[in-house]
Amino acid sequence: MAIEFQTEGRIFTIQTDATTYQMQADTYGHLLHLYYGETAAGSMEYLLTFEDRGFSGNPWEAGEDRTYSLDALPQEYPTQGTGDFRSPAMAVRDAGGVWGCHLRYQSHSIRKGKYSLPGLPAVYAEEEEAETLEIQMEDPDTGLAVTLYYGVLPRLDVITRAVKAENRGNSPLFLEKAQSACLDFLAGTYDLIQFYGRHAMERQFQRSALGHGAAVIGSRRGTSSHQYSPFVILAEPDTSENHGLCWGLSFVYSGPFKAEAEKDQYGQTRISMGIQDEMFSYCLKPGEAFYAPEVIMSCSGQGLGRLSRNFHKTIRHHICRGRWKLTPRPVLINNWEATYFGFTGSRILEIARQAAELGVEMMVLDDGWFGKRDSDCSGLGDWQVNEEKLGCSLAQLSEQIHGLGLQFGLWVEPEMVSEDSELYRKHPDWALAVPGRKPVRSRCQLVLDFSREDVVDYIYEQISRVLRSARIEYIKWDMNRSIAEVYSAAADRQNPGEILYRYVLGLYRFLERLNREYPELLIEGCSGGGGRFDAGMLYYTPQIWCSDNTDAMDRIRIQYGTSFGYPISAVGSHISAVPNHQNGRVTPMETRGLAAMAGSFGLELDLDKITEEEKACVRRQICQYHQDWNLIHNGDYYRLAAPEEGSELAAWMFAAADGSEALAAAAALDVHGNAPASLIRLKGLRAESEYRDEEGRIYSGSGLMRAGIPLPRFREPYGSWRLRLWEVNHDENK
Ligand code: DGJ
């Protein structure tokens with residue numbers, strides 16, 4: 001069993017292949033955290049130290065014992081009001097406005113398989129692959145009952161956490177904060193690694209030493225956001241790509257979140273993650289329950305690379321679902337950067353015809369095909385095909401595209417409404433807006449109230465009608481603004497503190513229904529590029545458009561940051577035109593292709609404007625992608641050289657888990673005269689094997705991994721390099 005309970009001392013121990021997690025329900029019923037790190041045996045209760053510390057709160061049960069204080073002890077799920085003055089995981093207020101809640105252990109259960117959460121995405125697994133621990137806690141004063149969930153996937157070194165809060169009392173309770181996971185570290189110095197950004201420059205790597213004073217990141221935008229990713233890493237200062245201890249936390253949720261890390265007065269570190277508590281206040285009526293979404297945790301004693309691979313495998317195999325989870329995704333062309341809103345049906349067909357000649361497999365029609373939508377100022381909410389603009393019905397266009405041998409995909413933005421739309425004129429109260437106040441506009445649009453079931457159902461029907469009307473194999477689900485007005489006009493949803501949570505539940509309900517009713521449909525998530533790139537969305541959409549920035553150099557940096565927490569298969573990535581539309585940079589087609597192939601590959605440009613030579617390059621790259629797809633999506637990913645500030649090279653590679661084949665790639669971020677040779681060391685090969693490249697050259701695995709390989713001298717800006725390797729005599733070496 002991965003989960004064990006030792007009755008003496010009431011100690012819970014979770015063992016994964018390479019890590020141990022331990023906690024104790026002590027004599028007072030407080031759930032104390034004992035350890036999370038590389039495999040360790042035995043009870044670690046001895047780690048707890050007790051001192052009489054000035055100004056420390058002592059719980060009533062401790063009587064005269066002033067050495068027992070929750071302000072200094074490591075806890076599993078700290079609540080506000082217990083004399084622990086660090087940031088709590090949960091804060092509760094009763095109907096009279098009184099704050100505080102003091103949870104004590106009641107009981108627990110251990111079972112095979114992985115728990116699930118109603119209405120929320122969560123890691124799933126076969127009975128044999130996972131175990132679940134549920135710990136019941138209760139506060140007799142408020143009547144609040146809390147269940148702490150732990151899901152264990154031993155082979156992946158993953159432990160998931162989630163929380164259920166139930167009101168077993170007689171009057172309403174208000175959850176003012178409800179985090180999903182909290183980790184207390186007794187000692188040590190740590191760096192916090194987080195991924196900040198902005199529209200068109202998402203998930204930039206930042207590593208900073210944690211000191212006293214909280215480091216807090218999160219989103220107040222209604223979505224997980226471009227600005228901070230709901231994925232963070234705590235690492236020991238000497239931890240690098242391949243060595244050292246680190247812990248990752250990934251939030252399986254697509255709404256506002258908060259991650260906090262703080263070194264306390266005694267040098268102990270607390271990190272927590274969960275729903276953003278600003279604008280959150282959830283009313284639990286007697287008998288009601290609330291679920292705090294899941295956090296996936298992993299610990300690696302072998303550096304950041306191993307930590308990322310743990311998350312990649314977990315998300316790829318235990319978050320992503322359905323038909324497209326592990327099957328090759330079609331190489332698509334999207335018309336957005338080729339035409340923006342200015343297209344007709346015949347222009348789309350022309351793009352499709354040219355794309356088919358290059359080996360593209362799907363044509364995606366982006367924004368502008370419906371309602372009155374020739375710019376971003378109108379039409380959202382009116383999901384009726386604009387046949388006048390297309391010159392035919394959607395079914396006819398789709399059939400013609402299929403006639404060219406391509407599948408057909410469509411852009412939608414279901415959560416939005418334009419004020420200039422039939423829908424808004426009919427239902428102005430369906431938009432999130434405060435009565436009597438002027439709403440904040442963003443991209444000229446308002447957000448539909450997805451906390452309301454009637455709104456979600458109506459939009460579902462509209463989109464579903466379109467999907468039924470033509471052969472559509474893919475949709476791109478876009479979301480192009482943040483939520484500013486947190487107010488619902490629905491009479492039964494007047495508590496503004498619940499709206500953002502209920503909005504996300506409404507979004508998930510829509511997506512779940514779509515997945516169930518259209519199991520063959522490939523859905524790509526998008527929010528102005530990568531503004532909602534999180535493990536929650538990946539439960540419904542196995543790939544997400546990673547950024548609106550399609551410049552190869554910026555993309556390499558964005559994809560580098562993204563790779564720490566999310567699998568390569570999740571990254572929607574396209575070749576686009578030069579000069580690039582976002583930053584004007586000119587990069588070679590070869591490099592653009594290489595960057596786009598580190599993801600779910602596609603094209604997004606006017607094929608009339610590229611040379612025959614470039615077309616030949618794209619054709620070749622599509623063939624390479626077909627050949628390498630399995631390695632790229634299902635192989636192990638290694639970061640070889642980081643495209644950080646000031647570095648001149650980015651390099652990465654994919655290796656089959658058994659070392660039988662590999663693909664390494666590098667791109668020059670800068671060029672200099674008389675430059676020294678760049679040498680990179682490969683990873684994931686078998687040291688004792690030999691490898692053959694595409695030209696038939698033979699290398700030893702040990703040489704490539706220990707001595708490295710020199711890259712060719714790049715004589716043009718932004719040049720790139722690729723090395724495909726096959727193990728010689730693979731079958732005999734097995
Ligand atoms: C934002 C997306 O990220 C783009 O790719 C494109 O689909 C536009 N929206 C369309 O409005």
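Note that the coordinates shown come from a computational prediction; the quantities given were computed from them, not determined experimentally. One-based numbering, in listed order, for ligands and for the atoms of each.
Aromatic ring orientation, Phe370 versus Trp383: tilted (interplanar angle from 30° to 60°).
Put simply, the side chain of Ser421 never gets that close to the backbone of Asp382: no donor and acceptor are under 3.5 Å apart.
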Close N/O pairs between ligand 1 and protein, under 3.5 Å:
| unit_1 | atom_1 | unit_2 | atom_2 | d |
| --- | --- | --- | --- | --- |
| ligand 1 | 3 (O) | Gly529 | N | 2.9 |
| ligand 1 | 3 (O) | Asp548 | OD1 | 2.3 |
| ligand 1 | 3 (O) | Asp548 | OD2 | 3.1 |
| ligand 1 | 5 (O) | Lys476 | NZ | 2.7 |
| ligand 1 | 5 (O) | Trp545 | NE1 | 3.4 |
| ligand 1 | 5 (O) | Asp548 | OD1 | 3.4 |
| ligand 1 | 7 (O) | Asp366 | OD1 | 2.7 |
| ligand 1 | 7 (O) | Asp366 | OD2 | 3.2 |
| ligand 1 | 7 (O) | Trp411 | NE1 | 3.1 |
| ligand 1 | 7 (O) | Lys476 | NZ | 2.9 |
| ligand 1 | 7 (O) | Asp478 | OD2 | 3.3 |
| ligand 1 | 9 (N) | Asp478 | OD2 | 2.7 |
| ligand 1 | 9 (N) | Asn480 | ND2 | 3.4 |
| ligand 1 | 11 (O) | Asp367 | OD2 | 2.6 |
| ligand 1 | 11 (O) | Arg443 | NH1 | 2.9 |
| ligand 1 | 11 (O) | Arg443 | NH2 | 2.9 |

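For Arg437, the salt bridge (Lys or Arg N to Asp or Glu O under 4.0 Å) test picks out no residue, with sequence neighbours left out. Looking at residues two or more places apart in sequence or on another chain, you find a salt bridge (Lys or Arg N to Asp or Glu O under 4.0 Å) between Glu614 and Arg592. Checked against side-chain contact (heavy atoms from CB on, under 4.5 Å), Ala356 has the following partners two or more places apart in sequence or in another chain: Leu406.
A cation-pi contact, defined as under 6.0 Å to the ring centre and within 45° of the axis, links Arg555 to Trp545.
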